Amino acid sequence: QVQLVESGGGLMQAGGSLRLSCTVIGRTGSIYTMGWFRQAPGKEREFVAGINYNSKMTSYADSVNGRFTISRDIAKNTVYLQMNSLKPDDTGAYYCSRINYDSRAPIGSWGQGTQVTVSS
């Protein structure tokens with residue numbers, strides 16, 4: 001069983017930066033391909049970024065490419081999402097999950113999420 005704990009969200013003005021963290025709690029957490037998703041009010045949850053187990057492959061949604069960077073610290077079992085040049089459209093609850101890297105589909109359970117609010 002894998003437990004996911006997200007943190008780092010907050011209120012930020014447009015143009016600002018935030019770094020989200022996702023700690024994977026589980027004996028084999030370091031080998032998972034992981035992804036970040038977000039869900040804005042009234043909208044479906046959408047893929048934001050993904051990273052494979054050894055950090056050699058990353059992928060991004062077009063809407064965040066060039067502004068967000070996903071990374072991981074294997075020793076800490078933690079996946080990060082550095083978000084720069086934030087826009088009001090980036091507002092939403094952010095979640096991490098194991099993913100299928102090719103399809104970007106989530107696998108298994110979600111954490112509690114962390115809220116990001118970007119004001120204009």
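Values in this document were obtained by computation on a predicted structure and should not be read as measured data.
- Among residue pairs with one or both ends in residues 52-87, none qualify as disulfide (SG to SG under 2.5 Å); sequence neighbours excluded.
- Taking every heavy atom of both residues into account, R72 and S55 meet most closely at CG-OG, 3.1 Å.
- Residue pairs meeting the salt bridge (Lys or Arg N to Asp or Glu O under 4.0 Å) criterion with at least one partner in residues 105-120, sequence neighbours excluded, are absent.
- Taking each heavy atom of K56 and N52 in turn, the nearest pair found is N-OD1, 2.9 Å.
- For K43, the side-chain contact (heavy atoms from CB on, under 4.5 Å) test picks out A40, with sequence neighbours left out.
- Of all heavy-atom pairs spanning P88 and S119, the tightest one is CG-C, 4.5 Å.
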Listing, residues 63-70 side-chain donor-acceptor contacts under 3.5 Å, not counting sequence neighbours, or none:
| residue | atom | partner | partner atom | Å |
| --- | --- | --- | --- | --- |
| S63 | OG | R38 | NH2 | 3.4 |
| R67 | NH1 | S85 | O | 2.9 |
| R67 | NH1 | D90 | OD2 | 2.8 |
| R67 | NH2 | S63 | O | 2.9 |
| R67 | NH2 | D90 | OD1 | 3.0 |
| R67 | NH2 | D90 | OD2 | 3.4 |

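- Checked by atom type and distance alone, the side chain of Q112 never pairs as donor or acceptor with a backbone atom of V5 at under 3.5 Å.
- Legend: salt bridge (Lys or Arg N to Asp or Glu O under 4.0 Å) pairs involving residues 96-112, not counting sequence neighbours: none detected.
- Residues S97 and S109 share a closest heavy-atom pair of OG-O, 3.9 Å.
- The side-chain hydrogen bond (donor to acceptor under 3.5 Å, both in side chains) search around N100 returns S103, not counting sequence neighbours.
- When side chains are defined from C-beta on, V2 counts as touching V24, because their heavy atoms get closer than 4.5 Å.
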Which donor-acceptor pairs under 3.5 Å do the side chains of residues 16-23 make with protein atoms, sequence neighbours left out?
| residue | atom | partner | partner atom | Å |
| --- | --- | --- | --- | --- |
| S17 | OG | N84 | OD1 | 2.9 |
| T23 | OG1 | T78 | OG1 | 3.4 |

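- Sorted by first and then second residue, the disulfide (SG to SG under 2.5 Å) pairs with a member in residues 36-94 form an empty list; sequence neighbours excluded.
- Contact record, L81 with A49: CD1-CB, 4.0 Å, taken as the closest heavy-atom pair.
- When hydrophobic side chains of Ile, Leu, Val, Met, Phe, Trp and Tyr are connected at separations under 4.5 Å, W110 ends up clustered with F37, F47, Y95, I99.
- Membership of the apolar cluster around M57 extends to Y101, as traced through chained side-chain contacts below 4.5 Å between ILVMFWY residues.
- Cluster partners of L11, using a side-chain heavy-atom cutoff of under 4.5 Å among ILVMFWY residues and allowing indirect links: none.
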